[in-house]
Asks: 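One structure, as structure tokens, below. Some questions next.
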Amino acid sequence: QVHLVESGGGLVQTGGSLTLSCAATGHTFRSNAIAWLRQAPGKERDFVAAISYSGRNTVYGDSVKGRFTITRDNAKNTVYLQMNSLKPEDTAVYYCAGNRQGIMTPPRYEYDSWGQGTQVTVSS
């Protein structure tokens with residue numbers, strides 16, 4: 001089993017930057033595709049980004065393309081989300097999730113493992 005823990009959330013002003021981390025424990029982390037998703041109160045879950053097990057392939061949601069960058073360091077069992085040019089619309093709880101089959105964007109967000117989430121708030 002893989003357990004995921006997010007960290008790095010906080011309060012930032014519009015236009016600022018923030019880096020989130022997703023730390024994993026378990027024996028199968030390096031074979032997992034890892035994704036970042038977010039959800040704001042009263043809104044549906046939104047796909048942010050995903051990265052392949054090798055780190056060579058990435059995919060981004062339309063709303064964050066050009067602003068966010070996902071990377072991973074398998075030696076540290078950690079995936080990162082670098083967020084730049086933040087906007088109030090980015091305010092949400094951010095979750096990392098894993099798929100042991102290496103599927104980066106499974107239908108209906110059917111990932112095998114989920115973190116507990118970390119709050120990101122962007123103020124004006």
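Count residues from 1 along the sequence. This one's a predicted model, so the numbers in the text were calculated from it and none came from an experiment.
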Asks: Does V2 offer a backbone N or O that forms a donor-acceptor pair with the side chain of S113 under 3.5 Å?
Replies: yes
Asks: Does P88 reach the side chain of S124, with side-chain heavy atoms less than 4.5 Å apart?
Replies: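 Result yes, sub-4.5 Å side-chain heavy-atom pair found.
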Asks: Given M83, which partner from the list V122, L18, T69, V12 fulfils the side-chain contact (heavy atoms from CB on, under 4.5 Å) test?
Replies: L18
Asks: Which pair of non-hydrogen atoms, one from V79 and one from I51, has the smallest distance, and what is that distance?
Replies: CG1-CG2, 4.3 Å
Asks: Under the side chain to side chain contact (heavy atoms under 4.5 Å, CB included) rule, what do V120 and L20 come out as? Steps first, then yes or no, please.
Replies: CA-CA 9 Å; V120 172; L20 306 182; 3.9 Å; yes
Asks: Using 0.5 Å steps for rounding, measure from the CG atom of L81 to the CD atom of E6.
Replies: 11.0 Å
Asks: Could you report the tightest heavy-atom contact between C96 and L4, atom names first, then the distance?
Replies: SG-CB, 3.6 Å
Asks: Mind checking whether M104 and Y95 sit in one hydrophobic cluster, side chains of I, L, V, M, F, W, Y counted as touching below 4.5 Å?
Replies: yes
Asks: Starting at CH2 of W36, measure out to CZ of F68 and round the result to the nearest 0.5 Å.
Replies: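 So the gap between those two atoms works out to 11.0 Å.
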Asks: Can you name the closest pair of heavy atoms from L37 and A97 and give their distance?
Replies: CD1-CB, 3.9 Å
Asks: Could you pull out the closest heavy-atom pair between G9 and T118, with the gap in Å?
Replies: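 Where G9 meets T118 most closely, the heavy atoms are N-OG1, 3.2 Å.
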Asks: Distance alone, cut at 3.5 Å: any donor-acceptor contact between the side chains of T19 and Q82?
Replies: yes
Asks: Just so I know, are the side chains of Q119 and T91 near enough to count as touching, which here means a heavy-atom distance under 4.5 Å?
Replies: yes
Asks: Can you tell me if N77 uses its side chain to pair, donor with acceptor, with the backbone of T25 under 3.5 Å?
Replies: no
Asks: Only distances under 3.5 Å count here; give the side-chain donor-acceptor pairs of residues 56-65 to other protein atoms, sequence neighbours excluded, each with its distance to 0.1 Å.
Replies:
{"residue": "Y60", "atom": "OH", "partner": "I70", "partner atom": "N", "Å": "2.9"}
{"residue": "D62", "atom": "OD1", "partner": "K65", "partner atom": "NZ", "Å": "3.1"}
{"residue": "S63", "atom": "OG", "partner": "R38", "partner atom": "NH2", "Å": "3.2"}

Asks: So, using salt bridge (charged side-chain N to carboxylate O under 4.0 Å, His left out) as the criterion, who are the partners of E110 when residues are at least two apart?
Replies: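 Scan of E110 (salt bridge (charged side-chain N to carboxylate O under 4.0 Å, His left out), adjacent residues dropped) gives R108.
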Asks: Can you pull the salt bridge (charged side-chain N to carboxylate O under 4.0 Å, His left out) pairs that have at least one residue in residues 67-79, sequence neighbours excluded?
Replies: R67-D90
Asks: Answer yes or no: is there a side-chain heavy-atom contact under 4.5 Å between N99 and Y53?
Replies: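 Heavy-atom side-chain distance check fails, nothing below 4.5 Å.
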Asks: Hey, mind stepping through D46 and Q39 against side chain to side chain contact (heavy atoms under 4.5 Å, CB included) and telling me if it holds?
Replies: CA-CA 6 Å; D46 183 33; Q39 187 166 23; over 6 Å; no
Asks: Looking at T14 and S123, would you say the former's side chain and the latter's main chain have a donor-acceptor pair under 3.5 Å?
Replies: yes
Asks: What's the separation between atom CD1 in I34 and atom OH in Y111, rounded to the nearest 0.5 Å?
Replies: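 Reported to 0.5 Å precision, the distance equals 9.5 Å.
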